[in-house]
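To keep things clear, I will list the structure first and then write my remarks on it.
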Amino acid sequence: MFAYYLDLALRSLRRNKALTALMVLAIALGIGASMTTLTVLHVLSGDPLPGRSGSLYYPQMDPRDMDGYKPQDDPPEQVTWIDGMALLHAKRARYQALMTGGAVPIQPANSAIDPFFEDARYTSADFFPMFDVPFLFGHGWNAADDGASARVVVLSRKLNDKLFGGKDSTGQMLRVDDMAFRIVGVLDSWRPTPHFYDLYTGSYSSEEGVFVPLTTATDMKFTHNGSNDCWGKGLSDNMKTATCTWLQLWVQLDTPAEAAAYRKFLLNYSSEQKALGRFQRPPNVRLPDVMGWLDYNKVVPSDVHLQVWLAFGFLLVCLVNTVGLMLAKFLRRSGELGIRRALGASRRSLFAQLLTEAGVVGLVGGSGGLLLALLGLWLVRRQPSDYAALAYLDLPMLLATFAAAVVATLLAGLLPAWRACLIPPALQLKSN
């Protein structure tokens with residue numbers, strides 16, 4: 001029966017091509033605009049580490065003095081060197097990584113490549129297993145390298161392609177800030193979105209090209225390009241003793257019980273430091289997971305949410321116009337529908353026939369909407385925003401485009417189809 005309804009729908013749509021084209025265009029415009037903005041929102045608000053984000057936590061505590069203290073204040077969003085290293089060495093989590101971002105000068109061995117600056121990640125050994133970072137060649141360094149401030153480095157795949165033509169470069173030396181570092185690993189393609197583990201170098205920044213031990217970077221005074229929150233004496237030449245929060249700490253806690261135990265550990269640590277006189281404020285700790293941390297920082301730009309609402313408002317306008325066009329089209333066929341009723345067709349079958357026609361319009365309009373969405377995303381990628389390069393349509397959003405078009409058009413067709421089915425067949429037969 002569906003094949004019969006489909007044949008009738010195609011015949012009807014071909015009879016009035018202008019009206020059909022207007023309905024398809026209205027759906028295509030609405031779907032194209034809404035799916036463009038929805039795809040951007042989908043990319044920006046996605047889970048950066050599916051399957052693992054629920055077990056990764058971001059510890060926060062408050063080591064500041066009483067200047068400007070308010071009981072309702074949130075703790076700082078980063079940790080000091082002293083507290084970060086203390087929590088790191090306490091080993092109260094399966095994995096823990098202390099880190100910050102920077103930029104380092106690279107002196108390529110190939111004279112054909114000019115020296116350049118490369119974004120860097122200064123971190124500890126657990127960074128790679130905790131975030132399940134894929135390796136193309138080699139591996140990360142170990143805790144002993146952290147303790148020894150070893151001159152070892154891990155490269156991104158992109159940087160390895162640039163410097164070594166994509167070959168296995170492990171074991172070779174790389175000059176960083178005029179010092180020789182031994183390459184121990186090369187990452188495979190890896191760019192979690194958002195850049196959750198360090199929002200201070202950009203919520204949607206590109207991948208770092210160089211990874212070195214945090215202890216090494218600090219001893220060699222590599223450039224730090226994150227943020228500092230200082231009090232008291234503030235910044236100094238020695239960031240290890242400065243009264244500033246400037247490092248990010250992540251820990252992996254695999255069960256709710258482990259998370260509760262770690263939160264209690266943070267409270268106890270804060271109380272101990274207050275008793276020692278380092279902390280002056282009452283213990284104030286937080287332990288958000290990845291998605292909680294992203295929500296807290298409102299990572300998705302507010303203008304993206306506004307664009308989504310505006311686009312769906314435009315889709316609603318398009319659907320209202322489509323309802324009017326379908327109503328005019330279906331009522332114009334009242335004679336044909338009356339004859340079918342007189343020949344024994346039920347209202348139910350006529351309603352299914354008209355909705356099938358609406359579904360065909362939605363499917364064709366969805367195809368047009370897909371093309372407009374691809375054009376819209378291409379235009380987004382030409383924008384200067386740091387997230388622009390991420391605006392691509394993936395398979396779920398591709399399927400959602402057609403689903404949205406068909407469902408929207410079916411909903412738009414409900415009223416016209418119902419009104420057309422209510423016309424008494426006797427009246428139509430008499431007028432004919």
Task: From OH (Y269) to OH (Y262), nearest 0.5 Å - done: 10.0 Å

Open item on the list: In the structure I gave you, are the side-chain heavy atoms of P76 and P63 within less than 4.5 Å of one another anywhere?
Closed with: yes

Task: Under 3.5 Å: donor-acceptor pair, side chain of S156, backbone of L159 - done: yes

- [ ] Sort out for me which residue in Y296, Y57, W250 forms a ring pair (Phe, Tyr, Trp, His ring centres under 6.0 Å) with F196.
- [x] W250

TODO: Taking the side chain as every heavy atom from C-beta outward, state whether L398 and L370 have any atom pair closer than 4.5 Å.
DONE: yes

- [ ] Calculate, to the nearest 0.5 Å, the distance between atoms CG and CG belonging to L199 and L294 respectively.
- [x] 6.5 Å

Open item on the list: Any heavy-atom pair between the side chains of P108 and F116 that's under 4.5 Å?
Closed with: yes

Open item on the list: Strictly distance-based, threshold 3.5 Å: is any side-chain N or O of D145 a donor or acceptor partner for the main-chain N or O of A125?
Closed with: no

- [ ] List the atom of S189, the atom of P134, and the distance in Å for their closest heavy-atom pair.
- [x] O-CG, 3.8 Å

Task: Exam field: side chain N110 to backbone A112, donor-acceptor pair closer than 3.5 Å - done: yes

- [ ] Starting from the C-alpha separation in whole Å, work towards a yes-or-no answer on side-chain contact (heavy atoms from CB on, under 4.5 Å) for L253 and L287.
- [x] CA-CA 11 Å; L253 306 166; L287 192 63; 4.0 Å; yes

TODO: Please report the closest heavy-atom contact between G101 and Y122, naming both atoms and the distance.
DONE: O-CE1, 3.9 Å

TODO: Report the distance from atom CE of M85 to atom CG of L214, rounding to the nearest 0.5 Å.
DONE: 7.0 Å

- [ ] Work out which heavy atom in L87 is nearest to a heavy atom in F265; give both atom names and the distance.
- [x] CD2-CE2, 3.5 Å

TODO: Decide yes or no on salt bridge (Lys or Arg N to Asp or Glu O under 4.0 Å) for D62 and R286, but give the supporting numbers first.
DONE: CA-CA 10 Å; D62 199 339; R286 300 285 190 276; over 6 Å; no

- [ ] Dump the intermediate steps for side-chain contact (heavy atoms from CB on, under 4.5 Å) on M23 and I27, then the final yes or no.
- [x] CA-CA 6 Å; M23 290 189 292; I27 293 297; 5.7 Å; no

TODO: Answer yes or no: is there a side-chain heavy-atom contact under 4.5 Å between R64 and D229?
DONE: yes

TODO: Taking all heavy atoms of T39 and all of L377, pick out the closest pair and write down the distance.
DONE: CG2-CD1, 3.9 Å

Open item on the list: If we count only N and O atoms by modelled type, under 3.5 Å, do the side chains of E77 and Y200 hold a donor and an acceptor together?
Closed with: yes

Open item on the list: Has Q78 got a side-chain atom pairing as donor or acceptor with S227's backbone, closer than 3.5 angstrom?
Closed with: yes

- [ ] Compare all side-chain heavy atoms of V104 with those of T223 and state whether any distance is below 4.5 angstrom.
- [x] no

Open item on the list: For a quick check under 3.5 Å, do R278 and Q273 share a side-chain donor-acceptor pair by atom type?
Closed with: yes

TODO: Output the distance between atom NZ (K91) and atom CG (D126), rounded to the nearest 0.5 Å.
DONE: 7.0 Å

TODO: Identify the two heavy atoms, one from M173 and one from A180, that lie closest to each other, and give their separation to 0.1 Å.
DONE: CE-CB, 3.8 Å

TODO: Please determine which of F135, F164, F137 meets the side chain to side chain contact (heavy atoms under 4.5 Å, CB included) test together with V186.
DONE: F137

Open item on the list: Is there a side-chain contact between L319 and L411 in this structure, where contact means two heavy atoms from C-beta onward sitting under 4.5 Å apart?
Closed with: no

- [ ] Identify which one of D219, T216, T218 satisfies the side chain to side chain donor-acceptor pair (under 3.5 Å) criterion when paired with S149.
- [x] D219

Open item on the list: With heavy-atom distances below 4.5 Å as the criterion, would you say the side chains of R94 and D254 are in contact?
Closed with: yes

- [ ] Return the minimal non-hydrogen interatomic distance between G292 and P288, and the atom names on each side.
- [x] C-CB, 4.1 Å

- [ ] Dump the intermediate steps for side-chain contact (heavy atoms from CB on, under 4.5 Å) on I106 and L163, then the final yes or no.
- [x] CA-CA 10 Å; I106 303 294; L163 296 178; 4.3 Å; yes

- [ ] For the pair E207 and R157, evaluate side-chain contact (heavy atoms from CB on, under 4.5 Å) and give the outcome as yes or no after the intermediate values.
- [x] CA-CA 10 Å; E207 61 181 347; R157 180 171 187 167; 5.8 Å; no

Task: Gap separating the CG atom of N228 from the CG atom of L247, nearest 0.5 angstrom - done: 9.0 Å

TODO: Mark yes when over 12 heavy atoms from residues, nucleotides or ligands other than D67 sit less than 6.0 Å from its CG; otherwise mark no.
DONE: no

- [ ] Tell me whether the guanidinium CZ or amine NZ of R381 lies under 6.0 angstrom from the six-membered ring centre of Y392 and within 45° of its axis.
- [x] yes

- [ ] Determine whether P59 and V285 make a side-chain contact, defined as any pair of heavy atoms from C-beta on separated by less than 4.5 Å.
- [x] no

Task: From Q248 atom CD to L98 atom CG, the distance as rounded to the nearest 0.5 Å - done: 8.0 Å

- [ ] Kindly determine whether Y197 and F131 satisfy ring-ring contact (aromatic ring centres under 6.0 Å, His included), including the steps that lead there.
- [x] CA-CA 9 Å; Y197 55 84; F131 295 144; 5.7 Å; yes

- [ ] Could you verify whether a donor N or O on one side chain and an acceptor N or O on the other, from S124 and D146, lie under 3.5 Å apart?
- [x] no

Open item on the list: Taking CZ in R182 as the centre, count heavy atoms belonging to other residues, nucleotides or ligands within less than 6.0 Å. Is the count above 12?
Closed with: no

Task: S53 side chain vs P50 backbone, donor-acceptor pair below 3.5 Å - done: no

